[in-house]
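Numbered from 1 within each chain, the chains take letters A, B, ... in sequence-line order. From a predicted model like this one, the values you see are computed outputs, not experimental measurements.
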Amino acid sequence: MLDLKFIRENAELVKTAVKNKNEKADIDKIIELDEAKRIAQFNFDQKKAEQNKVSKEIGLKKKNKEDASDLINQMASVAQEIKDLKAELTDAETALNDAIMWVPNLPHADVPVGKSEDDNQVIREWGKKRDFTFQPLDHVEIAEKNALLDLERGAKISGSGFPIHTGMGARLERALINFMLDYHILHHGYTEIMVPSLVNPTSMKGTGQLPKLKDDMYCVSEDDMYLIPTAEVPITNFFSQEILKNDALPQKFVGFSNCFRREAGSYGKDTRGLQRLHQFNKVEMVRFVHPEESWKVLEEMVNDAEDILKALNLPYRLLRLCTGDTSFASAMTYDLEVWAPGANKYLEVSSVSNFADFQARRASIRFRDADGKVQFVHTLNGSGLATPRTIIAILENYQNADGSFEIPEVLKAYLPKI
RNA sequence: GGAGAUGUGUCCGAGUGGUUGAAGGAGCACGGUUGGAAACCGUGUAUAGGUGCAAGCCUAUCUAGAGUUCGAAUCUCUACAUCUCCGCCA
């Protein structure tokens with residue numbers, strides 16, 4: 001959420017940002033609604049001040065055993081007027097809040113303006129793509145040869161996009177998750193956190209999934225709850241509605257969760273095997289920092305995610321997303337894409353974003369600075385990493401000519417021979 | 001799922017329907033005292049919106065929403081949360 005005062009004073013800037021992010025929020029309409037709301041607020045305040053004043057007088061008179069019936073009669077109609085003004089104010093507030101929830105975050109000045117993923121910038125590449133002496137298989141074939149997955153039965157039980165990991169496939173998945181968690185805890189100083197998979201609508205609004213991404217999420221309507229698309233949601237909301245003490249910052253959390261995505265409208269696109277799923281596993285890093293720190297911390301988090309790929313010795317490239325590809329709530333996003341030789345393409349395994357104070361405003365996450373002033377924190381998050389495409393990359397990069405595959409060195413401790 | 005109790009500020013904890021944004025503590029901050037500290041003394045200690053150059057003033061907020069009333073932290077209803085007991089259960 002942006003500051004209303006900021007929108008009011010920088011309308012053109014915000015309009016440009018909306019356009020560059022391929023969003024539709026109507027800024028002129030919001031400014032109108034804001035004015036209407038302030039007028040309603042003023043009218044209500046005036047009437048209420050009158051009532052408060054006279055009610056006090058009535059109280060005094062009664063205390064002195066004087067007759068106050070004149071004043072009481074005089075106030076009889078005011079109560080109803082206040083009720084009406086209050087209703088007007090509530091309506092104006094609701095309309096304004098609904099509208100402002102659709103205004104995206106401003107992209108940072110360094111974010112390249114662009115329409116789609118074709119305009120993303122490659123920042124750097126790491127690792128050497130392996131020269132194969134044979135035609136590399138893709139992960140579905142390797143998984144089949146080694147009985148790692150049972151996608152058919154997953155589809156039978158739940159539907160397509162709900163994979164079943166079997167035997168070594170399940171062990172590898174579990175080893176990878178534990179390795180990544182431990183790595184961030186031991187080498188990067190994160191605190192592990194385990195969070196709910198179902199959250200309420202307020203939390204989804206707080207991180208910016210609602211209202212825009214409603215159709216991309218699974219909803220348990222009976223209980224008015226949503227399955228999380230990422231652990232970012234419950235972890236970032238950890239401090240929602242709170243004012244942190246000055247020395248509470250920074251905070252760094254890492255957590256594993258299942259992630260659930262409806263992927264509405266993306267049927268048939270890059271769906272082979274584990275490429276695009278309705279349910280998958282992910283280790284997520286979340287940071288709460290002082291506003292002055294967030295840009296430095298964004299680079300740190302990118303490094304934290306890269307370290308996992310380096311440890312696994314998987315070639316990758318780092319992209320800075322253009323405005324059109326940067327998510328609604330983000331001010332700047334980097335993607336990490338791992339090289340998959342079987343598929344012969346790069347696959348996104350991590351997205352690292354600085355939200356600045358956008359989520360903090362929505363979720364009301366604040367802190368008291370050194371001068372005792374209350375300010376919004378900055379929030380950041382990044383995958384570290386999502387497992388499915390990391391597994392794809394491991395299988396395809398570590399495959400042997402006979403269809404078997406090697407276990408990355410760093411995972412061996414997590415996969416004792418049985 | 002059933003029965004009951006509770007929900008006040010950073011925390012604890014008062015609060016008879018009428019100058020209560022809220023007593024009193026604790027904590028914290030600053031100042032005094034001290035060689036330094038503890039103890040002690042003094043002062044300060046919410047958030048949001050509006051208005052003003054500013055001091056300030058107005059409005060809202062005692063879990064949330066609705067109701068009764070000229071007036072609600074206080075009375076009524078609903079929801080939510082916590083605790084206790086019973087039931088069920090990994």
Side-chain angles (χ1 to χ4, degrees), chain A residues 1-9 30-101 194-206 220-226 234 237-249 251 258 288 291 357-377:
Chain A
M1 188 161 73
L2 298 182
D3 183 20
L4 259 174
K5 204 175 283 173
F6 182 88
I7 296 177
R8 224 181 283 149
E9 290 165 5
I30 285 168
I31 290 170
E32 266 174 47
L33 289 170
D34 176 45
E35 267 162 33
K37 186 232 141 188
R38 277 148 71 212
I39 290 167
Q41 176 88 57
F42 179 79
N43 292 338
F44 172 78
D45 285 357
Q46 291 276 303
K47 200 45 105 178
K48 193 67 191 170
E50 182 190 334
Q51 187 192 51
N52 286 346
K53 191 160 152 271
V54 177
S55 289
K56 249 173 214 176
E57 282 173 35
I58 293 171
L60 275 176
K61 285 204 169 194
K62 292 230 165 173
K63 204 178 224 171
N64 299 332
K65 305 261 193 287
E66 290 172 40
D67 179 35
S69 49
D70 277 8
L71 291 176
I72 291 177
N73 291 338
Q74 183 192 327
M75 283 294 103
S77 61
V78 171
Q80 184 57 46
E81 286 177 53
I82 285 175
K83 209 175 282 180
D84 293 344
L85 289 170
K86 171 77 177 170
E88 275 176 43
L89 174 59
T90 305
D91 289 351
E93 278 174 343
T94 306
L96 177 62
N97 288 339
D98 287 354
I100 203 173
M101 290 305 262
M194 273 193 157
V195 289
S197 297
L198 281 168
V199 300
N200 59 33
T202 306
S203 298
M204 284 297 187
K205 280 179 200 149
V220 183
S221 50
E222 181 85 354
D223 296 292
D224 198 19
M225 296 186 95
Y226 292 86
N237 277 286
F238 188 76
F239 290 122
S240 65
Q241 323 287 323
E242 293 188 32
I243 300 175
L244 303 175
K245 293 216 170 77
N246 182 43
D247 58 8
L249 295 179
Q251 293 275 350
N258 299 122
F288 301 86
D357 62 1
F358 189 84
Q359 291 182 327
R361 277 178 196 282
R362 289 193 162 218
S364 192
I365 306 169
R366 293 169 293 175
F367 75 105
R368 214 172 282 282
D369 66 19
D371 301 327
K373 245 188 80 198
V374 174
Q375 290 194 52
F376 288 103
V377 305

Complementary nucleotide of B:A38, counting Watson-Crick and G-U pairs under 3.5 Å: none
Heavy-atom check, side chain of A:Asn237 versus side chain of A:Val199, under 4.5 Å: no
Candidates B:A48, B:U59, B:U19 - which lies nearest the side chain of A:Arg366: B:A48
A:Lys5 or A:Lys53, whichever maps to the more 5' nucleotide of RNA chain B: A:Lys5
Side chain to side chain contact (heavy atoms under 4.5 Å, CB included) evaluation trace for A:Ile7 with A:Asp34: CA-CA 10 Å; A:Ile7 296 177; A:Asp34 176 45; over 6 Å; no
Spacing of A:Gln241 atom CD relative to B:C80 atom P, expressed in whole Å: 18 Å
Distance, rounded to the nearest Å, where A:Ile243 contributes CD1 and B:U10 contributes P: 7 Å
Any strand: nucleotide that pairs with B:U51 via Watson-Crick or wobble, under 3.5 Å: B:G56
Spacing of A:Phe42 atom CZ relative to B:G52 atom P, expressed in whole Å: 10 Å
Interatomic distance where CG belongs to A:Leu89 and P belongs to B:G50 [whole Å]: 12 Å
Reading 5' to 3' through nucleotides 67-77 of chain B, protein heavy-atom contacts under 4.0 Å coded B for base, S for sugar-phosphate only, - for none: -S-BS------
Base-pairing assignment for B:U43 (Watson-Crick or G-U wobble, both under 3.5 Å): B:A29
RNA chain B: 5'-proximal contact among A:Ala49 and A:Lys245 (nearest heavy atom): A:Lys245
Sidechain-backbone polar pair: A:Asn73 side chain, A:Ser69 backbone, donor-acceptor under 3.5 Å: yes
Nucleotide B:U16, atom P - distance to NZ of A:Lys63 in whole Å: 15 Å
C1' atoms of B:A37 and B:U51, separation to the nearest Å: 48 Å
Whole-Å distance separating the CG atom of A:Asn43 from the C1' atom of B:G49: 14 Å
Check: A:Asn200/A:Ser203 side-chain N/O donor and acceptor closer than 3.5 Å: yes
A:Asn97 CG - B:G49 C1' separation (whole Å): 12 Å
Any strand: nucleotide that pairs with B:C62 via Watson-Crick or wobble, under 3.5 Å: none
Nucleotide B:A46, atom P - distance to CZ of A:Arg368 in whole Å: 8 Å
B:U82: pairing nucleotide in any strand, Watson-Crick or G-U under 3.5 angstrom: B:A5
In residues 78-91 of chain A, what donor-acceptor pairs under 3.5 Å come from side-chain atoms, sequence neighbours left out?
unit_1  : atom_1 : unit_2  : atom_2 : d
A:Gln80 : NE2    : A:Asp84 : OD1    : 3.1
A:Glu81 : OE1    : A:Lys47 : NZ     : 3.0
A:Thr90 : OG1    : A:Lys86 : O      : 2.8

Identity of whatever pairs with B:G18 - Watson-Crick or G-U, under 3.5 angstrom: B:C70
Touch class at under 4.0 angstrom, heavy-atom based, for A:Val78 against every strand present: nothing
4.5 Å side-chain heavy-atom contact, A:Leu198 and A:Asp223: no
Test item: A:Asn52 and A:Lys48 side chains (from C-beta on) under 4.5 Å apart, heavy atoms: yes
Closest nucleotide among B:U19, B:U51, B:U47 to the A:Leu60 side chain: B:U19
Report all side-chain donor-acceptor pairs from residues 358-368 of chain A shorter than 3.5 Å, counting only partners two or more places apart or in another chain.
unit_1   : atom_1 : unit_2   : atom_2 : d
A:Gln359 : OE1    : A:Thr379 : OG1    : 2.7
A:Gln359 : NE2    : A:Thr207 : O      : 3.1
A:Gln359 : NE2    : A:Glu232 : OE2    : 2.9
A:Arg361 : NE     : A:Asp357 : OD2    : 3.3
A:Arg361 : NH2    : A:Asp357 : OD2    : 3.1
A:Arg362 : NH1    : A:Lys205 : O      : 3.1
A:Arg362 : NH1    : A:Leu210 : O      : 3.1
A:Arg362 : NH2    : A:Met101 : O      : 2.5

